[in-house]
Amino acid sequence: MEGYNFHEIEAKWQKKWEDEKRFVVKNHEEGKQNEYVLIEFPYPSGKGLHVGHLRSYTALDAVARKKRLEGKNVLFPMGCDAFGLEAERTAIREHKLPQEIVARNIATFKEQLKQIGLSFDWSREINTCDPSYYKWTQWLFIQFFKHGLAEKRETLVNFCKNCGVLANEEVEGGKCCQCHEEVIQKSKSQWILKMTEYADRLAEDLKLTKYQQHIKTSQINWIGKSEGVQVKFQIKQGGSFEIFTTCIETIYGITFMVLAPESEIVKSLKDKIENLDEVNEYIKQAAKKSEFERQELVKEKSGCLLKGITAINPANGMEVPVYIGDFVLAGYGTGAVMAVPAHDQRDYDFAKQRKIPMIQVIEGDIRNGALEKQDYLGTGAKLINSGEFSGLTVEEAKQKITEKLISLGVAKKQVNFKMRDWVFSRQRYWGEPIPMIYCDHCGWVPVPEDQLPVVLPNVDSYEPTKDGESPLSAIESFVKTTCPKCGAPARRETDTMPGWAGSSWYFMRYCDPKNDKEFASMDSLRAWLPVNIYNGGNEHTTRHLLYARFWNKFFYDIGISPVLEPFETRISQGIILGSNGVKMSKSLGNVVDPREVVKEYGADSLRLWESFIGDYSEMVNWNDNGVKACFKFLNRVWAMQDFLVDGDKFSSELSYAFNYAIKKVTNDINDIKFNTAVSALMTLCNEIYKNRKINREEFKTLLILLNPFAPHITEELWEINKFSPEFKNVSWPNYDEKALVKNVISLPVQINGKMRGTIEVSPSAGQEEILNLVKSDSVISKYLTEPIKKVILVPNRIINIIC
RNA sequence: GCUGGUGUGGCGGAAUGGUAGACGCAAGGGACUUAAAAUCCCUCGGAGGCAACUCCGUGCCGGUUCGAGUCCGGCCACCAGCACCA
């Protein structure tokens, strides 16, 4: 027997799979059920992949390979999300064009992936920055526009001096999530997608999916639905404004109101405010503050009284002062709040600071702080100091007060969402141009479909501009055009789309990647959607998942997607840290390059260790010795050929071990428990070594079970031992439940709940028989005392004797 | 602060409420070898004991149960996400 020469074997099989197009899949395959296995496509960064990145690829490759062996027609595609800031920033740093950087990175990425023998269908590869792809991203944007879900709106936006305008979702702790620069607020006319119109359904339809509960919860929290009442307050000096509250029962406790400094209401009150200079100064300061600073001041809530302005509480006619304060957000609710210091801690702090009186309206103790809704809801607490509503429970009052205000015509029930509309414009070069044209006569007009894509022009200078305008705006030849409607001279939109655009629908394009008539045909989408198993990073379980679900839901509404929810299940991998427990990074010198590992131990050993390293969803530390251990294991499998004997069914010696392994590996792969699947294979291998003998049928079974994790060595062993049929035609083994029943089991015995030993017994033995065996066991019996009060026998598991 | 998650040997980790530590790493001992590597065998949670064996042990404190790593209540620590959401 020759040694295990993984270099030769792996190169041979990778070439063979590619030559015979083993993993290229058709949308329809006679007699086969379709299965869609998807991994988030990456942005291929210039640093190349490290072993941590491969975890999800090797894991889902195992899933895909197993499903193929089970006779499924499996779509397992891969592509690149190449638009976005990272490519642009690398390009700027290296003084190259993003186009060049991306092409170079993709080549490295593919080379690395191909070395480990992943079974992607590369014929369906896509790339979001390819015009043949973003043509359809643009087309889809136009559908949003045509259905009134995209519009240009003046909004306060997060502005980063390096990266331009950011979506709320891209601001992390008041800083830019890309470059960590402080984010400031700026007013700008932006394209937005009205995602809030789908907020309710995005939360509601989670019940159609099988996501893990924590993923559903994080989506629901992000959407942040709250039901309440919107109430109109008259300003004594003229005018009015509206507030939103979820605690209408506390309306008699209002002692002041607070408006967001940026709100329109404040502007409209300008000529009535007596301390206008002071107010203007406050507004100026607030605008300069980043969200981060605002939050830093959490203990010291800032605000400024609007002198000469009072609001009238519609419930009791009481006049209260009005403040502006930057803890009130213009972007949420109506940008104005009613303040009830007795029942809201934030208002309580604000009132204490400024010696504003409090009115307690719900019974309880407010000496040490506000009695908030979480304190009184559901406790049966009653209202006080609330006019005709005093004496009602909170729950009754909520309803009665709402009814009264509605009948007075000053209120309506309202549902608010924390989730905001999606700011979809970027003043950046490296993105899909937004396919819109502005005409002085016709307003915004979409680029006609037959003129798509609006190609991103090649330019010499694409750096972000200092004033925050798109670099494209400086290119006259791009900007100047004519109106598609009236033919008059017109100007193109120069903003581009955010990085999230192309990734919001890529999983649909895989179904029909070459289609130049449609973004994807309904037939192909019906064939594959919903994605059966979708794997991605934890960091994407809110944003990306929500965006993709939103796009799909809209597509469903306009009849271009066949499903309400695009992803059936969602799983995410834990990251692999360096061996020192810190995130792998070049500067820390703890990066492990898969190419080095492959060179030393081979792709199969690497793949096996990626699966065995630990629980898939947990964070783990890399350990070089693990690869060595897996290499050792594969060598043991290879050397097993020495034990090979004839035989076309499981031998009595190994029947139990094999049936158990089949069951365990099958279930564990289904349950995303790759580490225990591999350990079951190792256990099986140990059993075979103890037996010193393995027949052909048994060896074949072992190879099939191991194949999803170590595809090269298993196909090679299959071939050199001339097993039949050809490996590509074999099917996943079934186990025999009957073979898992043992004649004699070792039954644990507890006396008074303490483990005292085991007895050998038939699984069908009754209580009497077992008790007699226990009594005759010299070790266990000495713990027994008469009388026996109670016996708990769990057949096949345990007996507990109470005496 | 809120939400979610996690806490088990020297390490990575196993355990449908039923023998805690599967599988593997590291370590120690042995066999083979001139030697090393590779391979194979043995030991390997802690304390005590010559031994048979005994007691303790899954972050901490309680509870439910014949029986708790697992369920419940209350803490502590760490990780991640969110950030004044009215």
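Letters A, B, ... are given to chains in the order of the sequence lines, protein chains preceding strands, and every chain is numbered from 1.
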For this session: Answer with base, sugar-phosphate or nothing: what part of the nucleic acid does A:N686 contact at a heavy-atom distance below 4.0 Å?
Result: sugar-phosphate
For this session: With heavy atoms under 4.0 Å as the rule, sort A:N221 into base, sugar-phosphate or nothing.
Result: sugar-phosphate
Problem set entry | B:rU16 phosphate, OP1 or OP2, under 4.0 Å from A:K664 side-chain N/O | no
For this session: Check the distance between B:rC23's C1' and A:K632's NZ and give it to me in whole angstrom.
Result: 12 Å
For this session: Can you figure out which of B:rA86, B:rC23, B:rG67 approaches the side chain of A:N800 most closely?
Result: B:rG67
For this session: List the steps, then state whether salt bridge (charged side-chain N to carboxylate O under 4.0 Å, His left out) holds for A:K412 with A:E242.
Result: CA-CA 10 Å; A:K412 60 176 180 185; A:E242 291 190 304; 5.5 Å; no
Exercise. C1' atom, B:rG21 versus B:rA15: distance in rounded Å?
Worked result: 9 Å
Problem set entry | Closest-nucleotide 5' rank along RNA chain B - winner of A:K782 and A:S226 | A:K782
For this session: Only one of A:I801, A:I798, A:I799, A:N800 passes side-chain contact (heavy atoms from CB on, under 4.5 Å) with A:I792; say which it is.
Result: A:N800
Exercise. When all nucleic acid strands are considered with a 4.0 Å heavy-atom cut-off, which category describes A:I792: base, sugar-phosphate, or nothing?
Worked result: base
Seminar exercise, completed: Checking N1-N3 plus N6-O4 or O6-N4 for Watson-Crick, or N1-O2 and O6-N3 for wobble, each under 3.5 Å, the partner of B:rC84 is none
Exercise. Taking the same atom, P, in B:rA26 and in B:rC76, what whole-Å distance lies between them?
Worked result: 40 Å
Seminar exercise, completed: When both distances are under 3.5 Å in a Watson-Crick or G-U wobble arrangement, the nucleotide paired with B:rC60 is B:rG74
For this session: Scan A:T334 against the nucleic acid and name what it touches under 4.0 Å (heavy atoms): base, sugar-phosphate only, or nothing.
Result: nothing
For this session: Please check if the distance between the ring centroids of A:F6 and A:Y4 is under 6.0 Å.
Result: yes
Exercise. Which label fits B:rG9, syn or anti, where anti is any glycosidic angle not within 90° of 0?
Worked result: syn
Problem set entry | Nearest-neighbour nucleotide for the A:N675 side chain, B:rA14, B:rU19, B:rC66 considered | B:rA14
Exercise. Is the phosphate of B:rG67, meaning OP1 or OP2, less than 4.0 Å from a side-chain N or O of A:R797?
Worked result: no
For this session: For B:rU3 and B:rG73, measure between their P atoms and round to the nearest Å.
Result: 14 Å
Exercise. Nearest-Å distance, CZ (A:R543) to C1' (B:rA80)?
Worked result: 13 Å
Seminar exercise, completed: Between A:P321 and A:T255 the two heavy atoms that sit nearest each other are CD-O, 3.3 Å
For this session: Classify the nucleic acid contact of A:F417 as base, sugar-phosphate or nothing, counting any heavy atom under 4.0 Å across all strands shown.
Result: nothing
For this session: Can you tell me, in whole Å, how much space there is between the P of B:rG81 and that of B:rU70?
Result: 28 Å
Seminar exercise, completed: note: A:I780, atom CD1; B:rC53, atom P; distance rounded to Å ~ 11 Å
Exercise. Which of the following nucleotides, B:rC82, B:rC66, B:rA86, is nearest to the side chain of A:K790?
Worked result: B:rC66
Exercise. With a 4.0 Å cut-off on heavy atoms, is A:V794 in touch with a base, just the backbone sugar-phosphate, or nothing at all?
Worked result: base
Seminar exercise, completed: Comparing A:S679 with A:K628, nearest RNA chain B nucleotide closer to 5' gives the residue A:S679
For this session: Would you indicate, yes or no, if B:rU3 has its OP1 or OP2 atom less than 4.0 angstrom from a side-chain nitrogen or oxygen of A:K418?
Result: no
Problem set entry | Gap in Å between the two P atoms, one belonging to B:rG49 and one to B:rG74, rounded | 44 Å
Exercise. Hey, does the side chain of A:N625 come within less than 4.0 Å of B:rA26's phosphate (OP1/OP2), counting only N and O?
Worked result: yes
Exercise. Counting side-chain heavy atoms from C-beta on, which of B:rC82, B:rA20, B:rC23 comes nearest to A:M755?
Worked result: B:rA20
For this session: Any strand is fair game: report the nucleotide pairing with B:rG67 by Watson-Crick or G-U wobble, both distances under 3.5 Å, or none.
Result: none
For this session: Report the nucleotide, chosen from B:rC25, B:rA86, B:rA20, that has the shortest atom-to-atom distance to any side-chain atom of A:N623.
Result: B:rC25
For this session: Please give the nucleotide sitting opposite B:rA51 as a Watson-Crick or G-U wobble pair, both distances under 3.5 Å, or none.
Result: none
Problem set entry | Complementary nucleotide for B:rC25 - Watson-Crick or wobble, under 3.5 Å | B:rG10
Exercise. Does the separation of the ring centres of A:Y735 and A:F658 fall below 6.0 angstrom?
Worked result: no
Exercise. Whole-Å distance between B:rA80 P and A:E618 CD?
Worked result: 13 Å
Exercise. Under 3.5 Å, side chain of A:N635 to main-chain N/O of A:F631, donor-acceptor pair present?
Worked result: yes
Seminar exercise, completed: From the candidates B:rG24, B:rU19, B:rC82, the one with an atom nearest any side-chain atom of A:W222 is B:rC82
Problem set entry | Note: A:K628-A:E600 ion pair, threshold 4.0 Å (strictly below) | no
For this session: Mind checking A:K754 for me? I need base, sugar-phosphate or nothing, with any heavy atom below 4.0 Å counting as a touch.
Result: sugar-phosphate
For this session: Tell me the partner of B:rU39, counting only Watson-Crick (N1-N3 plus N6-O4 or O6-N4) or G-U wobble (N1-O2 and O6-N3) with both under 3.5 Å; none if nothing fits.
Result: B:rA31
Problem set entry | Gap between atoms CG and P, on A:N621 and B:rC25 respectively (whole Å) | 18 Å
For this session: Using only side-chain N and O atoms of A:K216, determine if any of them is under 4.0 Å from OP1 or OP2 of B:rG4.
Result: no
Exercise. Taking only side-chain nitrogens and oxygens of A:N416, does any of them come within less than 4.0 Å of OP1 or OP2 of B:rA86?
Worked result: no
Between the protein and nucleotides 28-30 of chain B, list every N/O to N/O distance that falls short of 3.5 Å.
none

Exercise. Tell me: OH of A:Y689 to P of B:rU39, nearest whole Å?
Worked result: 10 Å
For this session: Measure from the side-chain N and O atoms of A:R607 to the backbone N and O of A:P708, and report whether any donor-acceptor pair falls under 3.5 Å.
Result: yes
Exercise. Any Lys/Arg nitrogen of A:K398 or A:E249 sitting under 4.0 Å from an Asp/Glu carboxylate oxygen of the other?
Worked result: yes
Exercise. Rounded to whole angstroms, how far apart are CH2 on A:W622 and P on B:rA26?
Worked result: 14 Å
Problem set entry | Contact under 4.0 Å: A:R756 side-chain N or O vs B:rG67 OP1/OP2 | no
For this session: Among B:rC79, B:rA86, B:rC23, find the nucleotide with the atom closest to the side chain of A:M619.
Result: B:rC79
Exercise. Would you say the side-chain atoms of A:Q573 and A:N535 include a donor-acceptor pair closer than 3.5 Å?
Worked result: yes
Exercise. Quick one: is the NZ or CZ of A:K742 closer than 6.0 Å to the six-membered ring centre of A:Y656, and within 45° of its axis?
Worked result: yes
Seminar exercise, completed: Pairing partner of B:rA15, by Watson-Crick or G-U wobble and under 3.5 Å for both distances, is none
Seminar exercise, completed: From CD of A:Q750 across to P of B:rG17 the rounded distance in Å is 16 Å
Problem set entry | C1' atoms of B:rU58 and B:rG46, separation to the nearest Å | 14 Å
Exercise. If the C1' atom of B:rG59 is compared with that of B:rG5, how far apart are they to the nearest Å?
Worked result: 15 Å
Exercise. More than 12 foreign heavy atoms under 6.0 Å from NZ of A:K232: is that the case here?
Worked result: no
Problem set entry | From B:rC23, B:rU19, B:rC25, nucleotide with atom closest to A:F612 side chain | B:rC23
For this session: Using the P atom as the reference point in each nucleotide, state the distance between B:rG29 and B:rA37 in Å, no decimals.
Result: 13 Å
